[in-house]
Structures are given as structure tokens and as C-alpha cells.
There are 2 protein chains.
Amino acid sequence: MARPTMEDVARVANVSRALVSLVMRGSPKVSAQRRTAVLEAAEKLGYSPHVMARALASRTSTVLGVMLSDLHNPFFAEVAEGLDAAARAEGFELIINSGGRSPARERRALNSLLSFRPAGLALLGPVVPSSAIESAAEESPIVLVSRSSRLSTVDTVNDDGEAGSRMAVDHLVSLGHRRIAHLDGGGGSQSALRRRGYQIAMREHGLEPEVIRSEYTDAAGAKAIKEMLAARNTVPAPTAIVAANDYNAVGAISALEEAGLRVPQDVSVIGYDNTSLASMRHVSLTTIDQPRTEMGRLAAEALLQRVREDRTEPVRKLLHPKLVTRSTTCSPLS
Amino acid sequence: MARPTMEDVARVANVSRALVSLVMRGSPKVSAQRRTAVLEAAEKLGYSPHVMARALASRTSTVLGVMLSDLHNPFFAEVAEGLDAAARAEGFELIINSGGRSPARERRALNSLLSFRPAGLALLGPVVPSSAIESAAEESPIVLVSRSSRLSTVDTVNDDGEAGSRMAVDHLVSLGHRRIAHLDGGGGSQSALRRRGYQIAMREHGLEPEVIRSEYTDAAGAKAIKEMLAARNTVPAPTAIVAANDYNAVGAISALEEAGLRVPQDVSVIGYDNTSLASMRHVSLTTIDQPRTEMGRLAAEALLQRVREDRTEPVRKLLHPKLVTRSTTCSPLS
DNA sequence: TCTATTGGTTGGAGCGCTCTAATGCTGTAG
DNA sequence: CTACAGCATTAGAGCGCTCCAACCAATAGA
């Protein structure tokens with residue numbers, strides 16, 4: 001288990017440790033002859049540099065910390081993949097961590113990442129209070145994904161949730177729907193924006209918004225629909241639903257079908273995120289797509305700019321969502 | 001961004017750096033008075049120890065590397081959570097990494113993790129050739145989850161895929177099914193075992209096994225079913241399907257429904273893994289549950305035993321799956 | 001011929017920490 | 001009053017690396 005060190009390589013290659021270091025970092029000021037000698041020795045010994053020692057000595061880290069608020073949510077997984085690709089291309093390593101949707105666990109995860117003294121930190125959909133983000137920002141550059149912030153020390157990458165919701169409404173209106181309800185995302189990070197977009201679009205079309213409180217889960221979506229249907233006598237049921245996100249939409253669809261309503265013939269449903277879930281044949285959900293990989297790439301870019309000190313003012317990236325039409329929306333019957 | 005060091009804390013607390021080190025590591029041989037002085041100074045400065053420096057100096061790492069073969073698969077996410085909880089309880093940090101289901105990317109991910117000189121490595125469903133695992137095992141203790149190995153240097157944690165498949169068959173037979181087909185997982189890690197369990201169980205019940213080649217994805221499941229139905233004239237269609245995993249099952253269900261067959265009335269379908277997907281109301285899939293969190297915990301335990309050198313012989317954990325009955329299985333109609 | 005210059009190479013200090021051995025300081029026994 | 005524990009504390013070396021300044025040819029310019 002004892003791995004060879006630079007010293008070992010130097011001895012075998014008959015050069016100094018400093019020269020090995022230069023070769024390992026790909027310095028141009030090494031003769032071809034020595035370079036191959038070093039590389040051969042390294043190869044022979046199975047040497048690879050010790051990242052931690054390197055970080056310590058160089059006082060610069062090549063580690064980017066990533067905290068996913070939820071390891072289960074495929075949305076974050078895909079943002080992480082975009083981040084990973086971009087970071088790797090620039091020679092950075094990713095260390096990932098999960099906060100389990102709980103502020104307390106997130107805070108611990110955050111500290112754990114910080115203890116690695118990363119070059120930067122990407123927080124995907126964090127739910128910690130912004131004071132925690134602020135204090136973390138004193139120790140490392142930070143980029144937030146799917147969460148906005150007024151802090152001048154952090155960058156943000158978000159999709160335009162307001163525009164996304166408007167697209168959803170526009171789509172339904174163009175199909176002929178008039179009674180369109182919105183299941184909102186409760187305290188979830190982007191829910192206020194999505195709700196606002198929905199409300200604005202409805203009013204623009206001269207329609208009355210109807211917001212139903214919900215959460216970013218399928219159980220909450222089902223519950224909200226059930227309660228809505230129970231009140232059907234007093235309030236006429238909508239012919240279309242703009243759900244908080246894909247998970248919520250799937251729950252809503254289940255509840256609608258259990259109540260004997262067909263989707264989309266009786267009620268159209270539109271989700272948000274375009275997670276892998278939505279594209280599954282069995283689900284085939286019309287939804288609003290966020291450019292997840294691109295968001296990851298932009299997050300990496302923002303971080304790397306700060307690391308290189310190309311920039312100190314905060315950057316606010318706002319990406320454009322787009323409508324993906326599948327099988328859960330159609331014109332209302334009547 | 002310059003964080004305080006132990007030296008800074010020592011200066012403020014009017015003690016030596018070594019004493020601060022002792023306090024930070026919770027040593028009992030420090031007077032209460034000095035301890036509080038140090039802790040106060042640390043608090044005041046916002047000090048927290050530098051994990052990398054610590055690892056370097058102590059020649060022991062508190063980092064466990066985790067490679068998920070696929071960040072999107074909720075199965076691995078949950079194993080990772082189990083690992084995380086167990087590791088954290090013992091004072092270890094997790095660094096996670098993804099291999100994106102490609103051997104080449106996995107190999108890189110593996111090297112990246114190794115370059116942190118972790119205390120141990122957990123590989124969840126890896127697809128790299130076992131030679132890569134063998135050489136990694138020379139540098140760090142390794143535990144494999146959802147992959148078996150004959151290497152005496154690595155531990156493994158698996159569910160009993162053979163038993164799981166048998167449960168699936170037994171369940172269907174007890175409902176009265178006789179024509180039960182299996183969609184297999186192709187080259188996926190546990191697919192051979194699941195296939196074998198299916199075949200053995202079928203023969204035990206005096207039934208003829210019918211294996212249809214597929215993959216661990218919903219698209220593959222749908223494709224396999226379509227091809228099967230196209231051949232219906234020659235081969236009578238089965239009344240029940242044992243799918244390779246949940247994703248595969250969901251694809252299969254879509255294809256069946258598109259062909260006008262009802263699930264479960266016309267065809268029962270049973271998945272494998274009991275991922276969050278299966279429990280979604282809209283899906284409500286009968287499936288075989290693997291104790292994912294427990295698997296993560298056992299993986300962490302295996303690693304930590306090796307780290308502490310409590311053990312050098314390999315350990316092979318085999319967990320018992322169990323049947324979860326939901327809405328996609330019932331007795332055949334006739 | 002004697003400096004400059006350049007390009008390759010190296011020793012040594014030091015990153016923030018741990019760990020061993022040594023130190024000072026009680027308090028108790030001889 | 002000396003001796004010796006026993007405990008709390010500390011100096012100093014060293015983990016594997018980077019980086020700076022110094023060094024040493026070998027070549028070029030005067």
C-alpha cells in the first residue's frame with residue numbers, strides 16, 4: 001500500500017526531485033532526454049503525484065467541491081456531469097458530497113468540503129440559510145445553481161423559471177385551455193419564480209390564476225390534486241395543470257387517473273425540469289427543459305474565472321428554458 | 001480567502017502549535033484550561049483543520065473514495081447514502097466521483113480518487129475490467145458493491161440476485177402464471193446471477209425458461225417487448241415478465257400498453273431494485289427490494305475494518321432481497 | 001579572451017499539520 | 001532534602017510536494 005514518492009522516481013531516473021516535479025507538471029524547460037528518463041522511471045514504479053501534497057505545497061488547489069442538495073434528483077446529477085466535464089478539461093478534480101435536503105446535513109457537508117480547501121465550491125440547489133453561504137464565501141469562491149442570491153461574493157447559474165412557467169401557460173392556452181391551475185413548489189428554491197411566471201402569463205391572457213400549494217415531490221402532487229378534486233363541487237376543475245416540477249407532475253397524474261380522469265384528454269399536465277423521468281416512455285411528460293449540462297458547464301466556468309482571478313464581480317447567469325411537448329398535453333375536449 | 005492555520009490559533013491562545021494539534025484531535029492529555037483557551041481562539045479565528053495537511057502529516061487518510069458507476073441511477077445514490085452515514089459516524093469523509101457507465105471514464109475516475117490517497121475505495125457497480133480493480137487494490141483497500149470478484153484483496157457486498165429472481169418467479173407462479181419470460185440485463189453486473197436464478201426457479205416449477213436479451217434501461221426493455229410481440233404468431237406471449245431491473249420494467253410496461261395489453265390484467269411485470277421509481281404512484285411496480293442503505297453500511301464497515309487492519313482476508317457479504325408487491329402483478333385472467 | 005545570456009538542473013525552504021522525544025513542572029515517597 | 005514518578009507541554013523533524021534562487025554548462029556577443 002506504500003506508494004512511491006517523487007524521491008523514489010528521482011533516484012531511479014538519476015535526477016533531482018525538483019526535476020521530477022517539473023516533468024510531472026509538464027514544464028517545457030526540461031530536456032527531452034531527462035523527461036523520458038523520468039517518465040520511464042515513473043511508469044516503472046507506478047508513480048502518480050500525491051494531490052494533497054501538491055495542493056499543500058503549491059498553495060493552490062485543483063479540487064472543486066460540489067454539493068448536491070439531493071443525490072437522488074436526476075436534475076442535479078446532470079448538472080454535476082456538466083460540471084465534471086468542464087472541470088476535468090481544465091485539470092480540476094471534483095469532489096462530490098450530498099446534503100440530503102436537510103439544512104443541518106447540508107451545513108456539515110459544506111464544512112466537510114471546505115476542509116479540503118477547494119479551489120471553489122458549487123452548491124446545487126442548496127437549502128441552507130444564506131448566512132451559511134455567506135460565511136462559506138469568505139473561504140472559497142462559490143457558485144450557486146438553482147438558487148439565487150444577492151450576495152456580491154457569489155455567482156449564480158439559474159434557468160429563467162419565470163419564462164419557463166410562461167411558456168407552459170402559453171402552450172396550454174394555445175391548445176385552447178382557459179382553466180389552468182398551478183401546483184407550486186412550496187419552499188423549494190425556484191418555486192416563487194415559477195409561480196410568478198405562471199401568474200403573470202395567466203393575467204396576460206386575461207385568465208384567472210389558481211395556485212395550489214404543493215411541494216417538489218410526487219406524493220405532494222398527488223395530495224394536492226386529491227384535495228382539489230374533493231373541492232370540485234364548489235370550484236370547477238381545471239382542464240390543465242402546470243406542475244411545480246416533473247416529480248410533482250407524476251404524482252398529480254397518478255391522482256388524476258385514480259379519480260377516473262384521463263390525461264391528457266380530460267386534464268393536461270405539464271412538468272418542469274425535463275428529467276430522465278419525464279422522457280420515460282411510460283411517463284412521456286410534456287415539460288419545460290432546463291439546459292442542465294450547460295448549467296453545470298457555466299457553473300464550472302464561473303468558478304474557474306474566480307480561481308484565476310479573471311473576475312471579482314459576481315456573475316448572474318440566466319438560462320433559457322424550452323418547452324418539450326410529449327404526451328400529457330392536448331386540446332381540451334369540449 | 002486565506003484561512004487561519006494552527007500557528008495562528010496557537011499564537012492567539014498563547015500555546016504551542018503541538019498543543020493546538022492535540023486539542024483538535026480531542027486528546028485527553030490536555031488541561032481543561034488550555035483546552036478552552038485553544039477552542040476559544042479557534043472559534044474566534046474561524047479555524048478548522050486542513051484535512052490535506054493532516055493527511056500528509058499523519059500518513060493516514062480519513063477520506064473514503066466512492067465511485068458511482070452512474071450518478072443517475074437512484075440505486076447507487078442510496079447505497080452511497082448508507083456509506084456516507086456509516087463513514088461519517090466514524091469520522092471519515094466521503095469523496096464521490098462518477099464513471100458514467102464507461103470503462104474509460106471509470107478508469108480515470110478511479111485514478112482521480114486514488115490520487116487523493118484515500119483510506120479506502122468503494123466501487124459501486126463498476127464496469128472496468130477486473131485487472132484495473134486488481135491494480136487499484138495494490139494501492140488501497142477496495143470494496144465492490146453490486147459486482148463480484150475472485151480477488152483475494154477486495155471485499156464485496158452484493159445482494160443475492162439469484163435468490164431475488166427466484167422470489168420473483170415464485171411470486172408469479174403462486175399467482176397462477178405458467179408462461180413467464182425474463183428480460184435479462186445483458187452485460188450489466190448482476191445480470192448473469194439474476195438470469196440464473198430465474199432459470200433455476202422455472203425448472204423447479206417444471207416450467208420452460210424463456211430468456212429475452214435486453215439491457216438495464218427502459219429503452220431496451222421496450223425494444224425487447226416489441227420484438228417479442230412481433231414474434232407472437234410463432235411463440236405464444238407470456239402472461240408475466242421478470243424484468244432485468246426497474247428501469248427495464250418500466251420500458252417493458254410502456255411497450256405492452258402501446259400494444260394494447262393491460263398491465264397487470266393481461267401481462268404481469270416485476271422489476272428489480274425497488275428504486276424510488278418503482279414506488280412512484282404512477283408506476284407502482286412490483287419489484288425485488290435490495291437493502292441499499294444496508295449495503296452501503298456494510299461496504300463502509302468492510303473498508304474500515306481493512307483500514308484498521310482488523311482483517312486482511314476478503315469478506316463476501318451477500319444480502320437477502322425481498323419481494324415488494326405493488327400494482328403490476330396479479331393472477332392471469334383465464 | 002572575457003563577459004553576458006540562455007536553458008537546464010538542483011538544493012533548500014516551507015506549505016499545515018502530526019508525532020516522537022525531550023522538557024518542565026508538580027507532587028509524593030524515601 | 002533529594003529522587004522519581006507522572007503529567008502537561010513543547011521543540012523539531014518530517015509527510016510529499018512546489019517554488020525560488022542559485023548554479024552550471026554551453027553558446028553567443030563584444
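Below, chain A is the first sequence line, B the second, and so on; all start at residue 1.
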| message | Before you tell me yes or no, could you show the steps for B:Y216 and B:S191 under side chain to side chain contact (heavy atoms under 4.5 Å, CB included), namely the whole-Å CA-CA distance, both residues' side-chain angles and the distance that decides it to 0.1 Å? | response | CA-CA 9 Å; B:Y216 281 149; B:S191 73; 3.6 Å; yes
| note | Under a 4.0 Å heavy-atom criterion, the protein footprint on nucleotides 17-25 of chain D, written with B, S and -, is BBB------
| message | Can you list, in residue-number order, the parts of residues 26-34 of chain A that come under 4.0 Å of DNA chain C, counting heavy atoms only? | response | A:K29, A:V30, A:S31, A:R34
| What residues, two or more places apart in sequence or in another chain, satisfy side chain to side chain contact (heavy atoms under 4.5 Å, CB included) together with A:S131? | A:R107, A:P129
| task | With sequence neighbours excluded, tell me which residues meet side chain to side chain contact (heavy atoms under 4.5 Å, CB included) with B:R59. | result | none
| said: Could you tell me if B:S21 and B:R25 have a donor-acceptor pair between their side chains, going purely by distance under 3.5 Å? | reply: yes
| query | Do you see a donor-acceptor pair shorter than 3.5 Å between the side chains of A:T293 and A:R297? | reply | no
| said: Consider side-chain contact (heavy atoms from CB on, under 4.5 Å). Of A:V66, A:L64, A:N97, which one does A:L113 pass it with? | reply: A:N97
| message | Under the side-chain contact (heavy atoms from CB on, under 4.5 Å) test against B:L121, which residue among B:V143, B:L303, B:V154, B:L110 passes? | response | B:L110
| Span of DNA chain C, from the first to the last nucleotide whose atoms fall under 4.0 Å of chain B heavy atoms | C:dG16 to C:dC19
Side-chain atoms of residues 39-49 of chain B: list all donor-acceptor pairs with protein atoms under 3.5 Å, sequence neighbours left out, distances to 0.1 Å.
| unit_1 | atom_1 | unit_2 | atom_2 | d |
| --- | --- | --- | --- | --- |
| B:S48 | OG | B:R3 | NH2 | 2.9 |

| task | Show your working on side chain to side chain contact (heavy atoms under 4.5 Å, CB included) between B:L124 and B:L83 and close with a plain yes or no. | result | CA-CA 11 Å; B:L124 314 190; B:L83 248 157; 4.1 Å; yes
| query | Stepwise, does the side chain to side chain contact (heavy atoms under 4.5 Å, CB included) test hold for B:R311 with B:D155? | reply | CA-CA 11 Å; B:R311 179 172 54 73; B:D155 300 325; 3.1 Å; yes
